[in-house]
Enquirer: 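Pasting a structure here, questions to come.
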2 protein chains.
Amino acid sequence: MVSVDAFAVLAEPTRRRILDRLRRSESSVGDLVDALGMSQPAVSKHLKVLREAGFVTCRTAAQQRIYRIDLRPLRAVDDWLGPYRRMWAAHLDALERHLDSQE
Amino acid sequence: MVSVDAFAVLAEPTRRRILDRLRRSESSVGDLVDALGMSQPAVSKHLKVLREAGFVTCRTAAQQRIYRIDLRPLRAVDDWLGPYRRMWAAHLDALERHLDSQE
DNA sequence: CGCTCATATGCCTATCAAGGAATACAGGCC
DNA sequence: GGCCTGTATTCCTTGATAGGCATATGAGCG
């Protein structure tokens with residue numbers, strides 16, 4: 001139940017593929033199994049990790065579970081990147097000023 | 001020599017701490033050992049991972065190695081986030097329009 | 001050249017995560 | 001209630017990795 005580190009969750013390429021797919025549309029487990037070409041248990045386990053870390057939510061529709069992305073953990077990652085982003089933005093500004101001064 | 005996945009590199013909390021520190025100023029290995037309260041070999045190993053993934057560069061200054069951050073891999077991570085960022089931006093826009101229509 | 005400081009590397013161990021196969025569980029349907 | 005479909009969970013094996021300790025390497029300096 002301990003909230004797992006968002007970066008650790010994203011470290012798994014398969015989980016990023018799942019998110020990339022859910023970004024376009026919500027999907028059932030079976031859809032994801034087809035799309036990923038992996039065993040159903042493997043997919044379910046990744047979904048469990050994603051669920052417990054808050055990256056996805058799921059609802060029950062008849063005998064299927066429909067998974068949907070939740071963006072909040074990704075925004076946390078984006079926030080962590082903030083200070084770094086400011087760094088390269090500053091560098092770009094400096095470059096721009098430099099180029100302007102060359103005119 | 002195989003370029004390791006940037007997300008896998010960032011999955012280690014200690015490595016993120018190293019980056020957070022190098023973001024403020026470049027440092028020698030000894031500086032980082034003091035700052036992190038970890039054994040020197042452990043720090044050197046994390047630096048090796050960061051180096052091979054391109055997150056840091058290092059130069060030799062006398063008997064020290066001075067490590068410096070390189071932002072490029074982080075920009076790659078930022079790029080991966082791009083489509084998701086557009087999603088929540090779109091949601092914010094929708095919310096804004098909704099609030100406007102409530103006036 | 002021997003010594004020392006700063007850093008890197010090797011070896012070892014413990015932990016953990018991923019994937020497969022088998023199985024359990026749950027919701028519809030007859 | 002029995003059966004089928006879809007999904008979750010358990011068990012097991014295997015590979016990767018972090019960290020400590022000991023040791024190697026390498027640059028300066030007497």
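Labels below follow one simple rule: chain letters A, B, ... track the order of the sequence lines, proteins then strands, and each chain is numbered from 1. Remember, predicted model here, so these are calculated numbers, not experimental data.
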Enquirer: If you look at every heavy atom in D5(A) and A11(B), which pair is closest and at what distance?
Expert: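 Looking at all heavy atoms of both residues, the closest pair is OD2-O, 4.0 Å.
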
Enquirer: Taking for each residue the nucleotide of DNA chain C bearing the nearest heavy atom, is the 5' side occupied by Q63(A) or by C58(B)?
Expert: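 Residue closer to the 5' terminus by nearest nucleotide: C58(B).
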
Enquirer: Is D20(A) salt-bridged to R23(A), cutoff N-O under 4.0 Å?
Expert: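 Counted as a salt bridge, because a side-chain N and a carboxylate O are separated by less than 4.0 Å.
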
Enquirer: What pair of heavy atoms forms the shortest contact from V77(B) to L81(A), and how long is it?
Expert: CG1-CD1, 4.0 Å

Enquirer: Rounded to the nearest 0.5 Å, how far does CG of D78(B) lie from CG of L71(B)?
Expert: 10.5 Å

Enquirer: Please determine whether a side-chain nitrogen or oxygen atom of R65(A) lies at a distance below 4.0 Å from atom OP1 or OP2 of dG6(D).
Expert: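 For R65(A), the contact criterion (side-chain N or O under 4.0 Å from OP1 or OP2 of dG6(D)) is not met.
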
Enquirer: Check the distance between dA8(C)'s P and L50(B)'s CG and give it to me in whole angstrom.
Expert: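 Answer to the nearest Å: 12 Å.
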
Enquirer: Could you tell me whether T60(A) contacts a base, only the sugar-phosphate backbone, or nothing, with contacts defined as non-hydrogen atoms closer than 4.0 Å?
Expert: nothing

Enquirer: Please check the phosphate of dA8(C) (OP1 and OP2 only) for any side-chain N or O of Y67(B) closer than 4.0 Å.
Expert: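 Result: yes.
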
Enquirer: I'd like to know if Q64(B) reaches the base of dA27(D) with its side chain, counting only an N/O donor and acceptor under 3.5 Å.
Expert: no

Enquirer: For the residue pair R16(A) and Y84(B), what are the closest heavy atoms and their distance?
Expert: O-OH, 4.3 Å

Enquirer: Just grab all the salt bridge (Lys or Arg N to Asp or Glu O under 4.0 Å) pairs involving residues 38-48 of chain A, residues at least two apart or on different chains.
Expert: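 Every candidate salt bridge (Lys or Arg N to Asp or Glu O under 4.0 Å) pair involving residues 38-48 of chain A fails, so no pair, neighbours aside, qualifies.
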
Enquirer: Any stems for DNA chain C, made of 3 or more Watson-Crick or G-U pairs in a row, each with both distances under 3.5 Å?
Expert: C:1-30 with D:1-30

Enquirer: For nucleotides 15-19 of chain C, give me every protein contact, N/O to N/O, under 3.5 Å, one pair per line with atom names.
Expert:
residue	atom	partner	partner atom	Å
dA18(C)	OP1	R15(A)	NH1	3.1
dA18(C)	OP1	R15(A)	NH2	2.8
dG19(C)	OP2	H46(A)	NE2	2.5
dG19(C)	N7	K45(A)	NZ	3.3

Enquirer: Only one of R51(A), R15(A), R17(A) passes side chain to side chain donor-acceptor pair (under 3.5 Å) with H46(A); say which it is.
Expert: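 Running side chain to side chain donor-acceptor pair (under 3.5 Å) over R51(A), R15(A), R17(A) with H46(A) returns exactly one hit, R15(A).
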
Enquirer: Report the nucleotide, chosen from dT7(D), dT9(C), dA22(C), that has the shortest atom-to-atom distance to any side-chain atom of Q40(A).
Expert: dT7(D)

